[in-house]
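Please read these numbers as outputs of a predicted model, since none were measured by experiment. What you see below is based on every heavy atom in this structure, not just the backbone, and it leaves out hydrogens, waters and symmetry mates. Here, residue 1 is the first one in the sequence, and each next residue gets the next number.
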Amino acid sequence: MPFTQSSSLMCVCVCVCQNASYLQRPDPDLPICVERTVLVWLPLAFLWLCAPWGFTTLCKKPAKAPLSKLYICKQVTRLVFVPRSVDSGSLFMFWLLQVLCAVFQFQTLLRDALNKVLTAALTAPHLPVMLIKGFKRPLVQEDMWDLNEKDSTQTICREFEDIMAKELKKAHSRLQKKQNKRKTKNDHQSGLAKGVSQDVLVMKKEKKKKKKKDSESDYPNSWLVPTIAKTFKGVLLETALYKLIQDILAFASPQFLKLMISFTQDKTSHAWTGYLYAVLLLVVAFLQSVILQQYYNRCLILGIKVRVALMAAVYKKALVVSNDSRKESTAGEIVNLISADAQRFNKVTNVLHLLWSYPLQIALAIAFLWIELGPSVLAGLLVMVLMVPINGWLATKSRGFQVENMKFKDTRMKIVNDILNGIKVLKYYAWESSFEAQVQEIREKELKVMRKFAYLSSVSTFIFSCAPAIVSLATFAVFVSVSPDNILDAEKAFTSISLFNILRLPLTMLPELISIMVQTTVSKKRLEKFLSGDDLDTMSVTRDDMIILFSVSLDIKPGRLVAVVGAVGSGKTSLISALLGELHSLRGRINIKGSVAYVPQQAWIQNTTLKDNILFGSNLDEEHYLSVVDACALGPDLDLLPGRDQTEIGVKGINLSGGQKQRVSLARAVYSSADVYLLDDPLSAVDSHVGKHLFERVIGPKGLLKDKTRILVTHGISFLPYVDEIIVLVNGVVSEVGSYDGLRASKGAFSEFLETYGKDESNNADESDYEQIDTLPEGLEPQADDSLEDIVSSTLKRENSLRHSQRHSKRNGRLLFLFLVFSVRVRKNSSVRSKKDSGDKKGQRLIEKEAMETGRVKFSVYLQYMRSMGWCFVTWSFLFYFIQNVAIIGQNLWLSDWTDDSVEYFNTTYPAHIRDMRIGVFGALGLAQGFLVFFGTILIADGSISASRTLHTNLLSNILKAPMVFFDTTPSGRIVNRFAKDIFTVDEMIPMSFRSWIFSILGVLGTLFVICLATPIFIAVVVPMAVVYYFVQRFYVPTSRQLRRLDSVSRSPIYSHFGETISGLSVIRAYGHQQRFLKQNEDTIDQNLKSVYPWFVSNRWLAMRLECLGNLVVFFAALFAVISRDSLNSGLVGLSISYALSMTQILNWLVRMTSELETNIVAVERVREYAEIKNEAPWITSNRPPDDWPTAGNIRFDNYKVRYRPELELILHGITCDIASTEKIGIVGRTGAGKSSLTNCLFRIIEASEGRILIDGIDISTLGLHDLRSRLTIIPQDPVLFSGTLRMNLDPFEKSSDEEIWTVLELAHLKDYVRGLPTGLQHEVSEGGENLSVGQRQLLCLARALLRKSRILILDEATAAVDLETDDLIQNTLRTEFSHCTVLTIAHRLSTILDSSR
């Protein structure tokens, strides 16, 4: 026994206490410890209790033997070991107890064995619990099982990445050898070619070859498949063994069919022989089902593991890929890698073994057919050989279409990503229709290629639908023609037909298999190209104890504050990128001492709580955290946010103002307690007072970072006197380096710049730098119902701020600022929100969980898809498929009748005309099947493409018309998921499922019809089996459907996290948090796997039960054939059983297709969800303004009130003001005061809660949005550019001439830069405008405004990201070019609005 006595007693006590938990479950059982202790000791205890009685009996009996030593030893042994021999009653009771107790132990062993061998893979012991739960109520994520460690993403990826590294190294070596060989060859050829004229044709050929080689050989290839094979070799070998056994068993059934037909023909054979054959058919079919489900289960799980490994590998690569390699793949293309391409590898692993299984099945079928029909089978074999070149041609064409299709898909997803990233700008400029047209144009090209591919598939389907009929026709025709003695009897015909049915699947599925392999080849190349790209060169930046930054002319010591200044495009951000190692190093190196913290120019905010954004994976130090929050002026933000620092921040920080985002980004850096701080102009997004506060408390000589090394990129001259050193950049070259006083004394370019632009700044600095921050007077404190963005300004407002602005007013009599400091309103009977109220909303979510339908998919979803297809396509395709099924039945009935000729013409000459008629009709029916399938498939293809076009158009159109609040509260990953995975499902998966479902349902009905026709008594079995089928299906589908929905919903966070990572790549790398993000990605994928694995297991659970049902169909068909053998001819028996043998496969396929169709149709449901979102106001209404409106540019606010969302408080409180034509209005206010919200109201991005806005006397709420927005112009706070040419970014509708565009570029001071580009206006702007500096992007936005020539212009922090010199140039442009316009200017810099009328 493995237990000691004391441990046994303790175990018994514990188990008895816990026993209730073992009884309160569907399969009650005793604890293992009870079985191993109590149940073992109980019979023995009874035996020892009876021992005294046995001993007494022994003493009473007289001794029959002398008391020898041997006798005494025997008696002692008997007393110790076998006292039961004394009393037969005790013996009986002992064995009875032993058997009863052993029953529990035996059933435990049996259950464990079944679980390991059969149940775990096929029925899943815990699955019925989940199925019952799913049947009673919709499943949720919390109902999912925890993953086994071996099935988790981390475990899967660990081995995959190790092997991938080795294979990639080998591939790099092969590539290097190939390139060296090619270089040697080219050098040799160039040497021979000196002085020899080259033929033009040869040159063209060489050029073509070179282009092809460059495209295929510039990256390591042919390493991904070996990596997958070596990683999962154990499962691959195991599944191969299962498939081999299943293929062999598949050929046993035709042999039993042959014996059954022989039995019915031989009336003298005993009945028990027939019953034996029927039972053997059942046993073989059952064994085949068990093996097949084992095979499917392992293949499907293998496919998921391959997909997971690829997704994780792509994510990991994205974290370390170099900028050069990254430019080759946009975010949209990378999303396609983890959605479409990884999914294709998932699919191909499910059918991988069919590459050798199908040829094996074909070979075995031909061998058995040779036994039946002799050399005649060679005719059928010849037909199959002739199809090989057709296969090759189809595969080549398919590959070309697939490559083309993926290119269009990538381009479409790239534009969709651009649209989602810049949706606000699109709405400002009323450019939605232009970008919609771009997407639709690409979508039409994509659909055109899909149509070609579908037509090619229809040809393929026609050929391979005809294939079995042509093969059988050729075989039978040759068989009966070569000799008059060859008469086709039932035994030969239906055994051959069963073999041809086995042959049908390989021949029919080969085109689809070829198509899958072609698609996967394309995906393999795309994945190999991305995964083998160059990594970021971490060696160009080394971290050691040397000096902080070393360059030829640059030497910065630890603990210093260094400012980097320069004009727009001079290379300031590039210098920071170089320090981070983001740029490719041509020579030299950078040494960094200690850790790095990075604050980018455009703040990167995660979709998580504000606190988590600041902590950024670091451990919480409450004291340090509070000091950072206070120093970064975030304290007032926390008081006003609904959940304080637990408030969830939306995607890209949409519920924070620009200044708030920058302060959170700065707080993240400060909290990290790094050694080196790289600050890329973090103060440009905040107003001057907040900027000075941040400089004093954080960055400056007295701030939290005073002992740290700080490199600060800035345009603010007022900060420069307080820095230790200034680096001046000009055109990427260090122009001057020195202290502030030293550079001024040098009288260089920097000194002149200061003399010109530094006066006002220095005056402002003299008046307000480092003043103490006073509290607000009573009655001016921030109110509880203020906007979420009314945060820091009111707290930092000085008591003398009004006097400060008055002094400026005296200096310039025309200047009167319109302050929008709504956070310091005087309101009666109101008080600051208490912390308690704030705590009530702790953790308030901005981004809600993704909505998910529950219950059955509504029939209206199916109707919508069929309406999108067109009822004509649906009706006619179904009709063609129905007639084709009738033709199949007719052909088999004709064959059955043909076999009766063997009886009628027994021992006589078979008439040639009857033979020819039999062959002709049989062949005609076979060809008819092919043509009917061809026409049906063509109609389905046209209908599905029509549905794809309609659904995508509706989705795109509605997304573009959705209000901004939808994008504020919906992660872009969810929307991308609709355009990527769901549209992919609509395009490719649903048509295939729909077609297969029609085939399957007609196949099942046809099979039942034929069996009932042969043996009418079978109807009695059909009804109860149909009832069982219905209940099994009904019990299973709710769980399967909901698991599929959970899969879709849990997939969106993968894309969201991926997109968020790509946008914040430089920040993640700078902080060295790649491993943390990798872990988060693994956790996100694991959440998805929790719903994927149960879905596969549930499929196997259903398949096993339905195959058992199909096996019963075979058994009863055979049984009734035995019972009715006297009244049946052998032809009908053969027909009935041969159909029944295919029933298992067809029934299983029907359920699979029904489930797959329902789970795939969820994509239509999800697309419809976003296609029916409530739209913003109409783009165009019947109330159209005049063509020249607005003519004057008068703006009037009349008691205007607005809130972001209905449940939130007002952000603008009853504004009333009049702005006259051509007035220049300066709008200033602290960060979060509502300045940008005011501009949103003019464009009706936010609709009024009360009041109205009149422009030239017209209420803007009565106009269409495009009529309004196209007549206004804005230069927004964030400069957003789109992928495409510079010209497209300026004029997407192509309304302006090139001359006009060059003119506005000159006015925007970009003409020289654009002229210097190789392609000029056709210069490609990368995704998000990453190949331009932020200042250049802002200047392009200015050029857009100049091109629109509207009478009203809004400048929303338009010059925040440019230096003062460029700002001055822009202001001069605005004074001259917009002198006749009404201009509203939002700015932090006073110099920007000095020319304002008010």
Side-chain angles (χ1 to χ4, degrees), residues 147 149 152-158 160-162 165 308-322 326 331 334-335 338 531 535-536 538 541 543 580-582 592 594-600 603-622 624-625 628 645-646 648-653 661 664-678 847 971 973 1050 1052-1090:
L147 292 177
E149 188 179 348
S152 65
T153 306
Q154 185 178 13
T155 307
I156 294 168
C157 296
R158 193 184 301 123
F160 179 81
E161 287 168 3
D162 291 343
V308 166
L310 291 174
M311 287 172 71
V314 169
Y315 183 87
K316 186 172 183 179
K317 185 67 179 182
L319 283 175
V320 299
V321 71
S322 68
R326 188 177 155 203
I334 299 174
V335 168
I338 65 171
L531 291 173
D535 289 352
L536 200 67
T538 55
V541 178
R543 287 170 169 79
L580 292 171
E582 294 284 336
I592 294 180
S595 56
V596 174
Y598 172 52
V599 181
W604 176 67
I605 304 296
Q606 284 187 275
N607 177 205
T608 181
T609 64
L610 188 136
K611 188 173 188 176
D612 288 340
N613 266 290
I614 296 173
L615 296 180
F616 202 56
S618 302
N619 295 324
L620 176 63
D621 179 346
E622 192 69 33
H624 181 48
Y625 173 74
V628 169
D645 59 3
Q646 292 300 319
E648 185 186 20
I649 308 303
V651 178
K652 298 181 182 177
K661 285 189 279 189
V664 171
S665 180
L666 182 61
R668 175 197 298 150
V670 177
Y671 186 82
S672 68
S673 298
D675 300 305
V676 180
Y677 287 81
L678 305 179
I847 309 297
S1050 60
S1052 293
I1054 298 174
Y1055 301 138
S1056 294
H1057 178 65
F1058 195 87
E1060 192 174 70
T1061 303
I1062 294 296
S1063 61
L1065 208 49
S1066 57
V1067 177
I1068 296 167
R1069 288 171 173 175
Y1071 284 90
H1073 281 217
Q1074 292 96 322
Q1075 287 303 318
R1076 182 168 70 86
F1077 276 79
L1078 277 173
K1079 181 68 171 63
Q1080 189 176 343
N1081 180 59
E1082 289 171 358
D1083 293 341
T1084 310
I1085 295 175
D1086 282 345
Q1087 283 297 109
N1088 178 244
L1089 290 180
K1090 285 182 180 181

For [Y], is there any backbone N or O sitting under 3.5 Å from a side-chain donor or acceptor partner on [X]?
{"X": "R1069", "Y": "L319", "result": "yes"}
{"X": "W604", "Y": "L1065", "result": "no"}
{"X": "D675", "Y": "V596", "result": "no"}
{"X": "T155", "Y": "E149", "result": "yes"}

Heavy-atom pair of closest approach, residues L531 and A313: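 Taking L531 first and A313 second, the nearest heavy atoms are CD2-O, 3.6 Å.
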
Return the set of residues passing side-chain hydrogen bond (donor to acceptor under 3.5 Å, both in side chains) with [X] (not counting sequence neighbours), or none when no residue passes.
{"X": "R158", "answer": "none"}
{"X": "E1082", "answer": "none"}
{"X": "S1066", "answer": "none"}
{"X": "S665", "answer": "none"}

Could you measure the distance from the [atom1] atom of [X] to the [atom2] atom of [Y]? Nearest 0.5 Å is fine.
{"X": "T1061", "Y": "Q1074", "atom1": "OG1", "atom2": "CD", "answer": "11.0 Å"}
{"X": "I649", "Y": "I605", "atom1": "CD1", "atom2": "CD1", "answer": "7.5 Å"}
{"X": "F1077", "Y": "I1068", "atom1": "CZ", "atom2": "CD1", "answer": "4.0 Å"}
{"X": "I1085", "Y": "I338", "atom1": "CD1", "atom2": "CD1", "answer": "8.0 Å"}
{"X": "T609", "Y": "I614", "atom1": "OG1", "atom2": "CD1", "answer": "9.0 Å"}
{"X": "N1081", "Y": "C157", "atom1": "CG", "atom2": "SG", "answer": "8.5 Å"}

Partners meeting salt bridge (charged side-chain N to carboxylate O under 4.0 Å, His left out) with D162 (sequence neighbours left out):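 For D162, no residue satisfies salt bridge (charged side-chain N to carboxylate O under 4.0 Å, His left out) once neighbours in sequence are set aside.
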
Residues that K661 engages under salt bridge (charged side-chain N to carboxylate O under 4.0 Å, His left out), provided they are two or more places apart: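 For K661 there are no salt bridge (charged side-chain N to carboxylate O under 4.0 Å, His left out) partners, ignoring immediate neighbours.
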
For [X], what residues pass the side chain to side chain contact (heavy atoms under 4.5 Å, CB included) criterion, not counting sequence neighbours?
{"X": "T608", "answer": "Q606, D612, N613"}
{"X": "A318", "answer": "F530, F1058, I1062"}
{"X": "K316", "answer": "E161, L1078"}
{"X": "A669", "answer": "A597, V599, Y677, Y1071"}

Check against side-chain contact (heavy atoms from CB on, under 4.5 Å), K1079 and D1083: CA-CA 6 Å; K1079 181 68 171 63; D1083 293 341; 2.9 Å; yes

Any residue meeting ring pair (Phe, Tyr, Trp, His ring centres under 6.0 Å) with Y671, in chain and number order, not counting sequence neighbours: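 Applying ring pair (Phe, Tyr, Trp, His ring centres under 6.0 Å) to Y671 gives H624.
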
Cation over ring face, R1076 and F616, 6.0 Å, 45°: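 Yes; both conditions hold, so R1076 lies above the ring face of F616.
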
Side chains of S152 and D1086, donor plus acceptor under 3.5 Å: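 Judged by distance alone, the side chains do not pair up.
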
